[in-house]
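Working notes for the structure below.
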Amino acid sequence: MTLVDVGIPAVRGARPTAAGRPEVPELVDRFGRVARDLRISITEKCSLRCTYCMPAEGLPAIPAEELLTAEEIARVVGIAVHLLGIHEVRFTGGEPLLRRDLEQIISGCREKAPDVPLSMTTNAVGLQHRAPGLAEAGLSRVNISLDSVDRAEFAQLTRRDRLPSVLAGIRAAHGAGLTPVKINAVLMPQTLAGAADLLGWCLEHGHELRFIEEMPLDADHEWARTNMVTAAQLLEVLSARFTLTEVGRSDPAAPAEQWLVDGGPQRVGIIASVTRSFCGDCDRTRLTADGMIRSCLFSDREFDLRTPMRNGADDAELAQLWRAAMWNKWAGHGIDAADFAPPERSMGAIGG
Ligand code: SAM
Ligand code: SF4
């Protein structure tokens, strides 16, 4: 099949080329990887201002007419699952809870994909009021970002004093059955000393905790290889309080390496995206809130799905465009390369 010309503007990167691509339905790339996991950002807005992600003033607003609507998101999920072999869909942002039509988005996607896990990455601010409705709409589970259980430290890192709301959100997610609730914590120099407390808190409450190495995706461009906290530094800190036994990854595409804590069964995970990159096994494809396909967090080459969709392209044409976009995925993030430059869009604008 050849690509149908449906009016793709060249604003953000070149038109994808499918030259050399085998005629298979899945999202394969030149390096033999197959994308099965779709991350959809649904807003650039956020209730927090984490220093490793957002600028203090927030991101520039995406004009309302450029945001994918609930119906468009459901359509895209249907295409991804039925035509492209996507096995799992995660909603992210910005903060997904800031979409007032989130329940409608979830129920629309659930209707299109009744058997696929639909999860959400959230900061949980305000989740306590919406967890039951989201579960009812068809959300399967949540990943919640929590970097510190110390209120002052949390407020300093997120520039907002919202820890009590986050903790209430975590309890509500459990109560609504959005389980397993996984907690994500980005490793920062100022929270390293409290990492063992955070792990202790998660063990006590039965949450699975994953630490994430900070990536050069902060809007302020302050990330530096020399002052990021590495997985090795974290292991040293945690080992002073806990006995950790390495068990590896649950499957090759799972980014978190796992350790049993004090003999298990509870575990802690570390996503060492920088020092132990897993790009060779990456199975992600991303869609930004304004409808751009992004094959990698670090690639500024985006392919516009929204314009052709609004210009009347059918599902098969959109699927073929997506296949071509993913065929062009890079081998890896290249953070260690001498000429590495962080992408234009920060994490909150791409969707983590
Ligand atoms: N607002 C939601 C939240 O915080 O969970 C969803 C969006 S947020 C961008 C998604 C994930 O990206 C969060 O777990 C966050 O900690 C992570 N993240 C943000 N900036 C990051 C960075 N520079 N390096 C690594 N992870 C980052
Ligand atoms: Fe908002 Fe999530 Fe970025 Fe924090 S990490 S600023 S909660 S989008």
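The first residue in the sequence is number 1, and the count goes up from there. When a ligand or atom number is given, it counts from 1 through the structure's own listing order.
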Flag side-chain contact, heavy atom, 4.5 Å: Asn184 against Ile144: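 They are not in contact (no side-chain heavy atoms under 4.5 Å apart), so the answer is no.
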Would you say [X] and ligand 1 have an N/O pair spaced under 3.5 Å apart?
| X | value |
| --- | --- |
| Tyr52 | yes |
| Met215 | yes |
| Thr122 | yes |

What protein heavy atom lies closest to [atom]? Include the residue and the distance to one decimal.
| atom | value |
| --- | --- |
| atom 8 (S) of ligand 1 | Gly93 O, 4.3 Å |
| atom 2 (C) of ligand 1 | Glu95 OE1, 3.4 Å |
| atom 5 (O) of ligand 1 | Ser145 OG, 2.5 Å |

Atoms in ligand 1 with a heavy atom of Glu213 nearer than 4.0 Å: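 Heavy-atom distances to Glu213 below 4.0 Å select 25 (C).
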Numbering as shown, the atoms of ligand 1 that approach Asn123 to under 4.0 Å (heavy-atom distance):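 Listed by number with element: 2 (C), 3 (C), 5 (O).
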Heavy-atom nearest neighbour of atom 10 (C) of ligand 1 within options Asn184, Val186, Leu297, Thr121: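 Looking at heavy atoms only, the winner is Thr121.
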Nearest candidate to atom 18 (N) of ligand 1, where distance is taken over non-hydrogen atoms, out of Arg39, Met347, Arg210, Met54: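 Among Arg39, Met347, Arg210, Met54, the closest heavy atom to atom 18 (N) of ligand 1 comes from Met347.
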Checking [Y] against [X]: is there a side-chain donor and acceptor pair closer than 3.5 Å?
| X | Y | value |
| --- | --- | --- |
| Trp322 | Thr285 | yes |
| Arg162 | Asn123 | no |
| Thr122 | Glu95 | yes |
| Asn227 | Arg225 | no |

Gly94 to ligand 1, any heavy atom closer than 4.0 Å: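 Distance cut 4.0 Å: Gly94 passes for ligand 1.
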Residue pair Met54 / Cys46: nearest heavy atoms and the distance that separates them: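 Closest approach of Met54 to Cys46: CE-CB, 3.6 Å.
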Minimum heavy-atom distance Ala173-Val181, with the two atoms named: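 Scanning both residues, the minimum pair turns out to be CB-CG2, 4.0 Å.
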Residue among Thr51, Val229, Asp147 satisfying side-chain contact (heavy atoms from CB on, under 4.5 Å) with Met188: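 Exactly one pass, corresponding to Thr51.
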Check: Asp29 side chain, Gly32 main-chain N or O, donor-acceptor pair, under 3.5 Å: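 Checking the backbone N and O of Gly32 against the side chain of Asp29, a donor-acceptor pair under 3.5 Å is found.
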Polar side-chain atom of Arg286 near backbone of Arg294 as donor-acceptor pair, under 3.5 Å: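 Between the backbone of Arg294 and the side chain of Arg286 there is no qualifying donor-acceptor contact (under 3.5 Å).
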Total protein N/O/S atoms whose distance from atom 4 (Fe) of ligand 2 is less than 2.8 Å: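 The number of such protein atoms is 1.
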Pair Arg241 + Asp262, salt bridge at N-O below 4.0 Å: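 Here Arg241 does not pair with Asp262 in a salt bridge, since their nearest N and O are not under 4.0 Å apart.
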Contacting atoms of ligand 2, where contact means under 4.0 angstrom from a heavy atom of Gly94: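 Numbered from 1, ligand 2 contributes 8 (S).
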Residues His174, His205; criterion ring pair (Phe, Tyr, Trp, His ring centres under 6.0 Å); working and verdict: CA-CA 10 Å; His174 255 283; His205 292 84; 9.1 Å; no
